[in-house]
Amino acid sequence: MRYLVLAILFVTFFTACNSKEETEKVKKAVVKKEPIIKEYGFTFNDYKVVKDTIRSGDTFGKILEKYPLKDSLRIYDVTQKVKDSFNVRRIKAGKPYILFLDKKKPNTLQALVYIEDRIKYTVIDFRDSIVVSNKEKPTTIKRRVVAAEIEGSLSETLSNAGVSVGLANKLANIYAYTVDFFKIQKGDKFAVTINERYIDDSIYVGVESIEASYFEHKGKKIFAFPYKLSEDQKYEDYYDENGKGLKSMFLKAPLDYFRISSRFSGRRFHPVQMRFKAHNGTDYAAPHGTPIKSTASGVVERTGYTAGNGNFVKVRHSSTYATQYLHMSKILVRNGQRVSQGQIIGKVGSTGLATGPHVCYRFWKNGVQVDPLRLKLPNAEPMNESKKIQYLKDIEPLKRELDSITKVKFKE
């Protein structure tokens, strides 16, 4: 009987030990290792990390004053040291930032990362000495050709093709003078060769640039290729497969949003001089500071100030045409600078003889001031023959590629 009791006790003890060991194994299996997070040049696990967003009224100083700095640094001293690399006054509400705090010392600030966008960011490192680094996440560019038939809206069709819907606006700008995008319909077709940007070769950012495009609207086929006619041209213009510009040579107005407050007239009562005189321009009223755009590509012939015109800019577009923009609050171009159609050259103001904020738009044809609203304006200035020969050679492989894609995709 005694041996039986001892056997039962032994079995019970052994089972309990095994059970305890199994429990410990289960516990160890459940406990997972903390994942290592590395980004912006920091290992997050080594710090107490605070993620936040700039709020309205926040300043660089307000953010720093919440946490002690090493070596009793003063916020003013920090601001002075970083100002050449980081403009602390330009931090914007809504932008995210990350604080890296020391785990051992009571929340001492080690570094701050200000995130400008998905790619650009600034690191202000306090660990050894104050170091500012403006950086970008590593990105790659991938090229592809997308071809599709319109189903619903253009944006919806692009989304279904896995392309950023922002491409819709780019295409609308390219074809603004040739396709009414409010009237595109099911059955219209397009093909576009694009370069897309990715972060770390995997996170899609969006369309970086367009190499070539094709749009078929109501049976009309329109190709578009970006091209610069000169090296100092800031932006490309778009031309078709024959070298003809897609845009009109002139925009309809130098402002996006406006009302015409006074038209071109041989006899108008001047509101400041209080007498009748010729008004050789068109007045576009708009709020102070509204961007003024050059209505066509050209070279800035003159900028300056006169008592009557206030701040003004004059642009020479060709041997035939020139335009002038008066009463600016601010001039944003210089003499001799080449400007593209739609480029912002100044801001609306009321300098000179003006009763309120507006731009007086003057238009010359063959040296004579005329009314552009009554003029039949030409398309973009055509390429000369030498430029056209090179252009056709440059676009040939791009057009051949689009022709091949559309032939297969649309079974032409």
Side-chain angles (χ1 to χ4, degrees), residues 56-57 87 89-90 92-93 173 176 234-235 247-318 320-375 377:
S56 180
N87 188 343
R89 294 183 179 180
R90 293 188 65 183
K92 298 179 181 178
N173 287 332
K234 190 173 182 180
Y235 304 105
K247 288 186 175 182
S248 169
M249 185 175 177
F250 290 91
L251 298 175
K252 293 180 179 179
L255 307 176
D256 282 335
Y257 304 100
F258 59 85
R259 67 177 178 85
I260 296 177
S261 55
S262 183
R263 293 180 179 271
F264 188 96
S265 173
R267 180 177 167 80
R268 183 196 73 155
F269 186 75
H270 197 286
V272 177
Q273 296 179 325
M274 305 299 288
R275 63 186 178 90
F276 285 95
K277 60 182 295 188
H279 183 237
N280 296 323
T282 305
D283 289 348
Y284 294 89
H288 189 279
T290 299
I292 299 171
K293 301 188 294 186
S294 177
T295 54
S297 299
V299 176
V300 177
E301 189 173 71
R302 188 181 171 196
T303 65
Y305 178 91
T306 66
N309 296 340
N311 295 319
F312 71 90
V313 171
K314 187 173 183 179
V315 180
R316 169 64 58 182
H317 306 291
S318 67
T320 303
Y321 298 103
T323 57
Q324 190 178 26
Y325 312 79
L326 313 181
H327 311 302
M328 292 179 168
S329 61
K330 192 173 184 179
I331 296 172
L332 298 176
V333 290
R334 64 184 184 280
N335 290 339
Q337 179 178 342
R338 182 167 184 83
V339 294
S340 299
Q341 184 183 59
Q343 185 173 337
I344 297 171
I345 58 175
K347 299 290 183 72
V348 167
S350 53
T351 55
L353 291 178
T355 57
H358 73 285
V359 57
C360 178
Y361 175 56
R362 294 185 175 180
F363 196 100
W364 278 264
K365 181 179 180 180
N366 294 321
V368 178
Q369 291 191 61
V370 295
D371 183 359
L373 298 180
R374 295 179 178 273
L375 203 63
L377 296 172

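These values consider heavy atoms only, across backbone and side chains, with no hydrogens, waters or symmetry-generated copies. As the structure is a computational prediction, the values presented were derived from the model and not from experiment.
Residues R334 and V300 are not in side-chain contact: their nearest non-hydrogen atoms beyond the backbone lie 4.5 Å or more apart. Using a 4.5 Å heavy-atom cutoff, the side chains of V339 and V299 are not in contact. Under the 4.5 Å side-chain criterion, counting only non-hydrogen atoms from C-beta, W364 is in contact with Q369. The shortest side-chain heavy-atom distance between L373 and I260 falls under the 4.5 Å cut-off.
Ring pair H317/F250 is perpendicular by interplanar angle, where above 60° counts as perpendicular and below 30° as parallel.
Across A296 and S294, no two heavy atoms sit closer than the pair O-OG, 2.6 Å. V313 and V315 get closest at one heavy-atom pair: CG1-CG2, 4.0 Å. In terms of heavy-atom proximity, A286 sits nearest to T290 at CB-OG1, 3.8 Å. Nearest approach of S350 to P357, heavy atoms of both residues: CB-N, 3.9 Å. Heavy-atom minimum distance, S318 versus M249: OG-CE, 4.1 Å. Residues T282 and P372 share a closest heavy-atom pair of OG1-CD, 4.4 Å.
Remark: the backbone N or O of G349 is not paired with any side-chain donor or acceptor of H288 at under 3.5 angstrom. Using a distance-only test at 3.5 Å, with no hydrogens or angles considered, a donor-acceptor pair links the side chain of Q341 to the main chain of S248.
For residues 285-304, the set of pairs meeting the salt bridge (charged side-chain N to carboxylate O under 4.0 Å, His left out) definition, not counting sequence neighbours, comprises D256-K293, E301-K314, E301-R316. For residues 345-367, there are no salt bridge (charged side-chain N to carboxylate O under 4.0 Å, His left out) pairs, not counting sequence neighbours.
With hydrogens and angles left out, the side-chain atoms of S297 and Y235 include no donor and acceptor closer than 3.5 Å.
To the nearest 0.5 Å, atoms CG (N309) and CE (M328) are separated by 11.0 Å. The distance from the OH atom of Y361 to the OG1 atom of T295 is 3.0 Å, given to the nearest 0.5 Å. Within the model, atoms CG of N173 and NZ of K247 stand 7.0 Å from one another, a figure rounded to the nearest 0.5 Å. Once rounded to the nearest 0.5 Å, the distance linking OG1 of T306 with CG of L326 reads 7.5 Å. Here N311 contributes atom CG and I292 contributes atom CD1; the two are 9.5 Å apart, rounded to the nearest 0.5 Å.
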Audit row: Y321, T323, side chain to side chain contact (heavy atoms under 4.5 Å, CB included) steps and yes/no: CA-CA 7 Å; Y321 298 103; T323 57; over 6 Å; no

Evaluate the side chain to side chain contact (heavy atoms under 4.5 Å, CB included) criterion for residues T320 and N366: first the C-alpha distance (whole Å), next the side-chain angles of each, then the deciding distance (0.1 Å), finally the verdict. CA-CA 5 Å; T320 303; N366 294 321; 3.5 Å; yes

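Aromatic rings of Y325 and F312 (six-membered ring for Trp) have centroids beyond the 6.0 Å cut-off, not under it.
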